[in-house]
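In what follows, a structure is listed as structure tokens, so that the remarks can point back to it.
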Amino acid sequence: MPASDRVPSAALAQPPEGLICAAELIFDQAAMSQKLAVATEGVHDDGALRAAVVPLLLAARKEGLAKIDTAFAEAPLEAGKARMSYCWLTDCLVVSAFELVCSCLYPLDKPKPNEALAVMAVGGYGRFEMAPQSDVDLLFLMTRKITERAESVIESLLYVLWDLRFKVGHASRTVNDCLTLGEEDFTIRTALLERRFLAGSPAPAKTLSKRLRTELFEGSETEFIDAKLAERDIRHEKQGERYVVEPNVKEGKGGLRDLQSLYWIAKYVHHVDKIEQLVKLKVFRPEEYKMFQKAENFLWAVRCHLHLITKRPNEQLTFDLQVEVAERMGYTDKTGRRAVEHFMQDYFRNATLVGDLTRIFLTKLEAIHAKPAPLLQRMFSRKPKVKPGYEVVHGRMAVENEAAFLQDPLNLLRVFEEGLRTGLLIHPDAMRLVTANLGLIDDDFRNDKEARRIFLDLLLKHGNPERALRRMNELGVLGAFIPEFAPIVAMMQFNMYHSYTVDEHTIQVISHFARIERLELEEELPISSEILREGVDRKVLMVAMLCHDIGKGRDQDHSILGAQISRKVAPRLGLSKADCDTVEWLVRYHLLMSDMAQKRDIADPRTVRDFAKAVGSVKRLDLLTLLTVCDIRGVGPSTWNNWKAVLIRALYRQTRHALEEGMEALGRENRGAVAKKLLRQELSGWDKKDIKRETARHYPPYWQGLHVTAHVVFANLLKDLKDSDVRIDLHPDEDRDATRACFAMTDHPGIFSRICGALALVGANIVDARTFTSNDGYVTAAFWIQDAEGHPYEASRLPRLRKMIERTLAGEVITTDAMQTRDKLKKRERAFRVPTSITFDNEGSEIYTIIEVDTRDRAGLLHDLTRTLAGLNVYIASAVIATYGEQAVDTFYVKDMFGLKFHATQKQQLLEKKLREAIEQGTKRARA
């Protein structure tokens, strides 16, 4: 066959409109056809063909990808054009390879009907959508039987495509095969729904299209919808909520798969090929179709940039990749926030749009009875009674007359109140009506007494305020009614501590408060539940919770700015001056209790005394405690634990005791006498001489800082202790979610650091630690440690843990050398910026200087800090360890070698310099 007769049909194909650059730059069909014709002259062997054409096609693929990538980098938001361009390039290569295989290796002079072979694109490729690293999904289709020639053509083609480094998903089927398998498997049925003819004979493709519609699709719409929605629910459960901080762009809630599910269902039910056709069918309004386009384009842009950065089909938007994608998409630092935070706020806004579109579309399906109403709604034997102006449509509350509804703008709030009162979900048409008329919420609306009443009732009256707040937030009502709230909507906090966006965190905080009110957490939160039973000002607390993080995202401290903002919000909501003052105080100091409990030694009387003075009254203590507990629980699913619970409870009880009984109730002497009395009772079997020696050998801080159970442990460890001995007691402290590690040995400089090093080496996370020296030359140290998952060590692991600690303390393991391999930062953690701050406080404790080091957390950090302090002859009495994701706040209670505080500025500057050097050196090791 002459070379001119073997020019691939791809040379005749017309490129689609809307490519990201000129079609000939992506793939020059005419030039490639000539090159291939020359290269394949006289070639009739499989190996020879691949040797001749693969270098040419591979070079063309690399050049085409480079052209697309360059154009996309210059226009990083043109995702539609980019994904179409990747498809077009793939089409050219697949069709070229197919035609070459057919014409060179398996030519047919007079093809018979049973030899007709169609090559079809299916899945996303069939929909003409590809990301840079997407698979190429192909269906090789014949009418009745896969012939021997067809098998040979398919095999040869696949080898060429694999040589071109495509990831190919393929199936060889007859039309009957497709119908049978599609009947059994909804994944296959969905792939068949998105099919596109590429090359070969069009006859099998036409036959398949006709029979799919008449024999498989028609009459099975409800079955298909149920299957797709079940897949979606499973996917959402696996991936998590829309607001998780490292979302999956493809599979996550509000991601591309949700939009694709809309497309599949629309095509299956309404027989449309493009989403815009749903506008003519009045499923979507024109503005909603624009929302679809906006969300789809943004998510596709993110996905394409992810693939280009990682050079693999990665769909997870991890912290490190968020920074790079934000940079590629043109985001910059501004208004006190990083570029990545602006980018992720846009991401979550678009994910919310996807949720809105899904809700609208599914409700329209219910209206035509294609989708059954939710099971819970079908269980109602009769319609709930709604107020005049509303009606129940398909189990949801709808507006009866839109014009009448809009005559009173306050209905934009009343609709949510009626939804809570009846327990009904709001119909999407009603939601559309609200969203389209947000302009009615103006200053007059916000200052209306009835509007205030409705809003506060939503928060306080119906028992589930989080439901109304979440829907109001998604529809824009919350940001319109409280404009100060709008900037934090979908605002991401770029750290590993917070699991949600700022607005969702706020709603989570209120949700946890509602759960306490509903007595769902009585066993888990006894103090909070008791406070609510005794009674608090719920209105003040609810407004404070709503405003506590409203100042985030600016250059200023969010607590200070939030307090200033609350001065405007609280009066507008109708609170009295006294209540406004309380709200402002709660917002300004909403972190105070958490900081005191987690960053200070609450066994030190000065800590409690200072906190009690700051709080001033039991009323404010109760309000702040509830706000603190709900705030911590609202950070993420696993943030609250028994350790934090114990600290908060202890601080609350001691502070309340001080406020009710007077500050003198916190005196060391009183508590020391009580502690010694309790120890004598526990050691009733001891000789009186030994008991006297034990109670006399310790200084006052020892009796103040430990529970009697620890005093008993140390008494037994110290009994008959030899100078060369190191005694260790490991015991799970389930009340604190930690393992208590007690050490007793002869006192010598640097012992605190050595213990920290030993514990770090075995992978233990230290959450609290304190050491005490006795007047006869011994040291007792109590450390509370957790494993890598934040739990106490299991009993079976304690013997090995003890042995490793003993070896390290005996000098058999050089801690500094062994730590080198343990403190490497993971790649996804390197994108965070945590500035180092070191402060000295000589007022927070009567006998110690408090050094607080706020810096980047990493393995070995505490050991580096304590080793540095030991090298400067600093005595560490206790350390309080707090971690907030990638941030660590290590607080040390210290004295100099003469037992004095560090008052001299020069000495403080030296300590700070050396600590910063240790942090910087450790960070370099971790990043190496």
Side-chain angles (χ1 to χ4, degrees), residues 87 94 113-114 116-130 134-147 150-151 153-154 157-158 167-235 250-251 256-275 277-278 361-362 365 368-372:
C87 269
V94 170
N114 68 328
L117 171 65
V119 183
M120 303 188 72
V122 292
Y125 180 36
R127 198 171 56 248
F128 223 88
E129 292 181 344
M130 288 188 79
S134 291
D135 291 354
V136 177
D137 292 324
L138 297 174
L139 171 63
F140 299 101
L141 183 69
M142 301 193 77
T143 305
R144 295 180 182 175
K145 180 184 176 182
I146 306 297
T147 64
E151 289 179 348
V153 170
I154 293 166
L157 174 60
L158 289 175
K167 297 180 286 292
V168 183
H170 62 94
S172 303
R173 295 182 182 132
T174 66
V175 172
N176 284 338
D177 290 338
C178 291
L179 292 168
T180 301
L181 293 170
E183 178 72 29
E184 300 169 352
D185 190 322
F186 281 98
T187 302
I188 294 174
R189 195 184 302 191
T190 305
L192 292 173
L193 188 65
E194 301 182 296
R195 65 198 181 280
R196 181 167 58 90
F197 176 75
L198 288 177
S201 170
K206 291 179 180 178
T207 301
L208 177 65
S209 294
K210 181 179 180 180
R211 293 187 63 189
L212 278 175
R213 176 57 55 195
T214 59
E215 298 179 33
L216 184 60
F217 294 167
E218 287 182 1
S220 63
E221 288 85 356
T222 299
E223 181 186 27
F224 182 79
I225 293 168
D226 287 345
K228 290 293 108 182
L229 295 183
E231 287 176 12
R232 184 195 65 168
D233 292 343
I234 293 171
R235 188 175 70 250
K250 183 178 179 182
E251 303 288 347
L256 280 168
R257 188 66 83 198
D258 283 355
L259 284 178
Q260 289 163 1
S261 295
L262 289 186
Y263 175 82
W264 295 331
I265 295 172
K267 190 166 187 177
Y268 205 97
V269 174
H270 295 290
H271 310 162
V272 300
D273 292 318
K274 297 180 180 180
I275 288 293
Q277 292 173 283
L278 294 178
F361 183 65
L362 294 182
L365 289 177
I368 61 171
H369 307 290
K371 172 184 174 291

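No experiment lies behind these values; they were computed from the predicted model shown.
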request  = Grab the two heavy atoms, one from Glu194 and one from Lys267, that are nearest each other, plus how far apart they are.
outcome  = CA-NZ, 4.5 Å
query = Heavy-atom count around Arg213 CZ within 6.0 Å, excluding the residue itself: above 12?
reply = yes
ask   = Taking the side chain as C-beta and beyond, is there a heavy-atom pair between Thr174 and Thr143 under 4.5 Å?
value = no
key: Distance, nearest 0.5 Å, that separates CZ of Phe217 from CG of Leu179   = 9.0 Å
note = Taken to the nearest 0.5 Å, the spacing of Asn114 CG from Ile146 CD1 works out to 11.5 Å
key: Distance, nearest 0.5 Å, that separates CG of Asp135 from NZ of Lys167   = 6.0 Å
note = Between the CG atom in Leu193 and the CD1 atom in Ile188, the distance rounded to the nearest 0.5 Å is 13.5 Å
query = Has Lys145 got more than 12 heavy atoms of other residues, nucleotides or ligands less than 6.0 Å from its NZ?
reply = no
ask   = For the residue pair Cys178 and Leu192, what are the closest heavy atoms and their distance?
value = O-CD1, 3.6 Å
ask   = Of the non-hydrogen atoms in Val94 and Leu157, which two are nearest, and what is the gap between them?
value = O-CD1, 4.1 Å
query = Can you list every pair that meets salt bridge (charged side-chain N to carboxylate O under 4.0 Å, His left out) and has a residue in residues 178-190, with sequence neighbours left out?
reply = Arg189-Glu223
inquiry  = Just to verify, which of Lys228, Arg235, Arg232 counts as forming a salt bridge (charged side-chain N to carboxylate O under 4.0 Å, His left out) with Asp258?
reply    = Arg235
ask   = Can the positive tip of Arg127 be found less than 6.0 Å from the middle of the six-membered ring of Tyr263, inside 45° of the ring normal?
value = yes
message = If you apply the rule side chain to side chain contact (heavy atoms under 4.5 Å, CB included), what do you find for Val269 with Phe224, and how did you get there?
response = CA-CA 9 Å; Val269 174; Phe224 182 79; over 6 Å; no
query = Which residue pairs satisfy the salt bridge (charged side-chain N to carboxylate O under 4.0 Å, His left out) criterion with at least one member in residues 172-182, sequence neighbours excluded?
reply = none
ask   = Between Ser220 and Tyr268, does any side-chain donor sit less than 3.5 Å from a side-chain acceptor?
value = yes
inquiry  = Could you walk me through whether Thr147 and Met142 satisfy the side chain to side chain contact (heavy atoms under 4.5 Å, CB included) test, starting with their C-alpha distance in whole Å, then the side-chain angles of each, then the deciding distance to 0.1 Å, before giving a yes or no?
reply    = CA-CA 9 Å; Thr147 64; Met142 301 193 77; 3.9 Å; yes
inquiry  = Looking at every non-hydrogen atom in both residues, tell me the closest pair between Ala118 and Phe197 and how far apart they are.
reply    = CB-CE1, 4.0 Å
CG-OG1 distance between Leu141 and Thr207, expressed to the nearest 0.5 angstrom = 8.0 Å
ask   = Are any non-hydrogen side-chain atoms of Arg195 and Leu139 less than 4.5 angstrom apart?
value = no
Residue pair Ile275 / Leu278, side-chain heavy-atom distance below 4.5 Å = yes
message = Within the 4.5 Å heavy-atom criterion, are Val153 and Phe140 side-chain neighbours or not?
response = no
message = Ignoring hydrogens, what is the shortest heavy-atom contact between Tyr125 and Arg196? Give both atom names and the distance.
response = O-NH2, 2.9 Å
remark   = Heavy-atom nearest pair, Ile154 first then Ser172, reads CD1-OG, 3.4 Å
query = At what distance, to the nearest 0.5 angstrom, does CG of Asp226 lie from CD1 of Ile265?
reply = 9.5 Å
